[in-house]
Amino acid sequence: MKNVHIVPHMHWDREWYFSTEESRILLVNNIEEIMEMLENNPDYPYYVLDGQTSILEDYFAVKPENKERVKKLVQEGRLIIGPWYTQTDEMVVGGESIVRNLLYGIKDSEEYGEFMKIGYLPDSFGQSAQMPMILNGFDITYSIFWRGTSERHGTDKTEFYWQTDDGSKVLVQLFPLGYAIGKYLPEDEQELQKRIDKYFTVLDHGATTDNIILPNGHDQMPIQKNIFTIMEKLRKLYPEREFFLSKYENVFSELEKQKDLPTLQGEFLDGKYMRVHRSIFSTRMDIKAANARIENKITNILEPLASLAYSLGFEYHHGLIELIWKEIMKNHAHDSIGCCCSDKVHREICNRFFLAEEKVDQLINYYKRKIVDSMDTEKQFDRLTAFNLLPYERTEVVTTSVMTKLKSFKLVDKDSNELDFEIIESEITDPGLIDRQIVHYGNYDPFIKYTIQCKDTLPAMGYKTYFVVECDEKVSNSFESTNKVVTEFYEITVNQNGTLNIFDKTLNQNFDNVLLLENGGDDGDEYDYSPLPNEELLYSDSATNVKTEMNQNQYGATINIEYTLAVPSNLEKRKAQIIDGAVDVHIVITVPNHKPVIEVKFEVTNYAKDHRLRALIPTNIASSFSISDNQFGSIKRDVVDSAIHVWEKEGWDERPDSIYPMLSFVGLSNDNHGVSILTNSSREFEIIGEEFDTIAITLFRSIGFLGKEEMLRRPGRPSGIKLPTPDSQMIGKLSLDFAITTHTLQSNVARIAKEYLTPVETYNKIPHDAMKLNKAAVKTPLEFSFINEVQPNIVLSTLKKAEKENKFVLRFYNPTDVEETAVFKFNREIHQAHTANLNEKALENLSVNNNQVQVSVQTNQVKSILF
């Protein structure tokens, strides 16, 4: 007899085309009904609360008095909660974000009882290849999802093992028809049978045991109160089957008995049976870029800085940092970060990112201030401190500011060595902006804010301090206007159309027309890009009135490029080939002298609708695959998805264009060299060109509907609903940051990207600050280094304090294709160190020799040291 596990659940989108507040009102109603059913009906054994604890947080904000009722039901194993905080996206959300989503979801769950030990992501738009490793890091060995699989991964079954490169493995139960097939089951027997017959055919075909799941729930669906009546009718219609209320764990218990399930590897991004929306990575690029920027600030700057402060004796503010993580994780749910929402919801998402970034920036500033204010020195000079938050010494060019009343000054370190620097610009600053008390007491003398550039070697995971000392000599400025930038690595000229020609001295190669812009129509929606059929694309090589300014000094060069790209104002004009709209383009390029990285800042002002803009970077490499990063590793993808030739014949739900996500880099390489793009904004790319030698980085998509039907690359019904979203036309200004690097084959591009995303932080202490702080009892040194990496093979993910213990967590990964050994030396007495899982639980004892530890790290593996 076949068993049908009917699992009552609700899929809770906190927001979508409706706002969080609208869904919260329904949530309060629904949870009351769920609790009443569980409390009053012993025959109703379980209810799954969508695997995310943010639901409880939203509910208890309104009904705190019901915490004990919920706790009782959770502890009885009837109300099933966790393990996530929110239902995370897996494609454009970083590794640390996914780890914290589980970390805080499990922490929240444990306040009430057990959490569901299943990596439950029933609606995420595609599955990252690294998920089994992340789930195993929390002792989770089961996974449930829906989207992204097809037979070409190696099985036509819905139950299989899924494994990562390091051997981590989860047992998967696929929802082949989604999580909502049991929604609103009808009492009418004919209707019921018509629906269920269709489902059983598919479910039976994919099952490897006599157990199938009928999930009884849907988006925002209230509990189905007549479920017992429905079950009686199902038993009558299908006497050869057993129907009962169940939970997902019961199905996994049966699957565990299967000895010959297939094992699959890799990511699941196929849109054959269900849509994965492979170009959603560029919808609302302002929101996508904010997420990238804030994630990088938290893990690369804030947490390591807070750890330095904690190691020196200051408090590690777990509460404030958790608040920031939860603020952005509310935006990491698949619809929210996918940006397939209504305009009002996107405004809420933007506001959360604004609040999160404000919290991050202010907490970073607070920690820098606490450390610098507490320095053990009798010298009464102002000071400037530079923080290097990578675990190795760095020689860097730093652009920063010094606020002073001095007309000229020098910078001197603790050993009285003078630091060379140049003043880039200076501006008068009203003293009231620094501290209104100054003006209050009648002192109106202005301050001067000097923007300076300097170069020095900074200690590993630490800082160095310079005193601002008055002197007679004015600092000279070596900036010169030029028409060709020449550094140790490159010679760069700007073409008349605003593109770059780059000669790489190391590789002895020319790269022509770098940063050519490509513009085409977008007849898509917030889920997917949709090109116009047979459209002739527009390019910026026809740009006129290009203004270019190039300046160079001893540290490097800046290039300013401005032009207007003429484009059609909307789709109708584009079809008629009428060019009556525009995008204003301002590019600021920074080329340091001492390293082969070209930093690019785009500021575009869009005045047109329904189009896509991409920046093209030629590589001179005809390639069959790209390499980009995913969570804690890297991934190779074919430049052409082979299914593009068969998708229509096989009836795929969407065309498998080779548009892919990255997190911090994408590149092409051959036997001689590589070209990579490092990003702090756009996380979408495609490899294009006749030779597949050009990296196209999406700058933005401009579209006007949440969902549309019958699109060129996605036939059939609309995704979502056909709701106008004028804000998604992206009219107005947008800023994007990325960098170009050329390198040899041996280079670890993930490390280069980590450096780019971990700029040197500075703090300028002057006697005034509008926000007063009492002097701390802690005394800090003028120079400090906490941890030193001994072998440069792996990539730091983050350094933080453990959540529950007075220990540090040092997390790192190996994105290369060979096993590496991570070796760290601690610049203090370390008595004990362990490897730890992602839930910060100690695993193996590490031997500490001379305050040094070493750990082997496999390809695409993440490891943590607890010390």
Side-chain angles (χ1 to χ4, degrees), residues 1-9 11 45-46 48 118 120-123 127 142-162 170-218 224 227-264 268 270-276 650-653:
M1 187 170 273
K2 291 195 171 178
N3 296 316
V4 182
H5 297 252
I6 298 172
V7 180
H9 78 101
H11 179 62
Y46 312 111
V48 178
I118 300 172
Y120 181 72
L121 292 171
D123 203 22
Q127 320 302 320
Y142 300 146
S143 173
I144 291 178
F145 61 86
W146 170 26
R147 300 178 191 268
T149 62
S150 71
E151 296 87 349
R152 68 173 176 164
H153 291 111
T155 182
D156 62 350
K157 296 302 176 190
T158 54
E159 294 111 29
F160 51 86
Y161 285 102
W162 181 22
V170 290
L171 177 55
V172 172
Q173 168 66 66
L174 203 65
F175 282 159
L177 297 164
Y179 54 84
I181 51 174
K183 67 182 177 185
Y184 307 111
L185 292 166
E187 285 193 22
D188 180 280
E189 288 184 17
Q190 266 186 310
E191 282 295 307
L192 186 61
Q193 184 166 20
K194 188 176 155 194
R195 241 175 89 176
I196 299 297
D197 277 354
K198 196 169 59 179
Y199 297 149
F200 278 171
T201 308
V202 177
L203 296 175
D204 288 345
H205 170 78
T208 58
T209 71
D210 289 333
N211 296 273
I212 57 172
I213 299 175
L214 188 66
N216 174 224
H218 186 40
Q224 183 149 8
I227 192 65
F228 295 107
T229 308
I230 303 291
M231 285 163 68
E232 281 309 310
K233 290 179 185 288
L234 286 168
R235 289 180 186 120
K236 193 172 117 190
L237 289 168
Y238 304 96
E240 74 287 1
R241 295 181 189 260
E242 189 78 48
F243 292 89
F244 51 91
L245 294 177
S246 187
K247 58 180 178 176
Y248 299 127
E249 287 92 333
N250 293 341
V251 178
F252 281 106
S253 298
E254 295 302 317
L255 292 180
E256 288 280 14
K257 298 170 188 171
Q258 289 290 90
K259 297 295 175 230
D260 54 353
L261 290 174
T263 298
L264 311 187
F268 298 120
D270 281 2
K272 183 174 183 180
Y273 297 111
M274 64 299 284
R275 296 168 175 183
V276 291
E650 292 184 0
W652 282 46
D653 269 12

| field | Value rounded to 0.5 Å, distance of CH2 in Trp162 from CG in Leu264 | value | 10.0 Å
| query | Is a side-chain donor or acceptor of Arg147 paired with a backbone partner of Arg275 at a separation under 3.5 angstrom? | reply | yes
| note | Heavy atoms of Met274 and Gly148 approach each other most closely as SD-N, 3.4 Å
| field | Beyond-backbone contact of Leu214 with Ile181, side-chain heavy atoms, under 4.5 angstrom | value | yes
| request: Kindly say whether Pro186 contributes a backbone atom to a donor-acceptor pair with the side chain of Glu191 at under 3.5 angstrom? | output: no
| note | On a heavy-atom basis, the closest approach of Pro8 and Ser246 is CD-O, 3.8 Å
| query | At what distance, to the nearest 0.5 angstrom, does NZ of Lys2 lie from CD of Glu240? | reply | 8.5 Å
| OH/Tyr199 to CD1/Ile212 distance, rounded to the nearest 0.5 angstrom? | 12.5 Å
| When rounded to the nearest 0.5 angstrom, what distance separates CZ in Arg195 from CD in Gln190? | 15.0 Å
| field | For Pro262 against Glu159, the heavy-atom pair lying closest together | value | CD-O, 4.1 Å
| task | Determine whether Glu249 and Ile118 make a side-chain contact, defined as any pair of heavy atoms from C-beta on separated by less than 4.5 Å. | result | yes
| query | Do the rings of Phe145 and Phe160 sit parallel, tilted or perpendicular, given the 30° and 60° boundaries? | reply | perpendicular
| note | Between Pro215 and Gly178, the two heavy atoms sitting closest are CG-O, 4.1 Å
| said: Given Asn3, which partner from the list Thr209, Asn211, Asn250 fulfils the side-chain hydrogen bond (donor to acceptor under 3.5 Å, both in side chains) test? | reply: Asn211
| Got a second to check how far Phe243's CZ is from Ile230's CD1, nearest 0.5 Å? | 11.5 Å
| query | Given the rule in the side-chain contact (heavy atoms from CB on, under 4.5 Å) test, do Trp652 and Asp270 qualify, once you have shown the distances and angles that lead to the verdict? | reply | CA-CA 9 Å; Trp652 282 46; Asp270 281 2; 3.7 Å; yes
| said: Side chains of Leu174 and Trp146, heavy atoms from C-beta outward: is any pair under 4.5 Å? | reply: no
| message | For the backbone of Tyr179 and the side chain of His9, can you confirm whether one donor and one acceptor N or O come within less than 3.5 Å of each other? | response | yes
| field | Side chain to side chain, Leu234 and Val4, heavy atoms closer than 4.5 Å | value | no
| Is a side-chain donor-acceptor pair under 3.5 Å present for Tyr273 with Glu151? | yes
| query | Do Leu192 and Leu237 have side-chain heavy atoms sitting under 4.5 Å apart? | reply | yes
| note | Nearest heavy-atom approach of Pro176 to Val202 is CB-CG1, 4.2 Å
| Rounded to the nearest 0.5 Å, how far apart are CZ of Arg241 and CZ of Arg235? | 14.0 Å
| field | Any donor-acceptor pair under 3.5 Å from Lys157 side chain to His205 backbone | value | yes
| Do Tyr238 and Phe200 have ring centroids that are under 6.0 Å from one another? | yes
| request: Examine distances only and state if a side-chain atom of Gln224 and a backbone atom of Leu185 form a donor-acceptor pair shorter than 3.5 Å. | output: yes
| With a 4.5 Å heavy-atom cut-off, do Glu189 and Lys236 have their side chains touching? | yes
| said: Taking the side chain as everything from C-beta on, heavy atoms only, tell me whether Asn216 gets closer than 4.5 Å to Lys183. | reply: no
| said: Do Leu245 and Met231 have side chains that approach each other closer than 4.5 Å (heavy atoms only, starting at C-beta)? | reply: yes
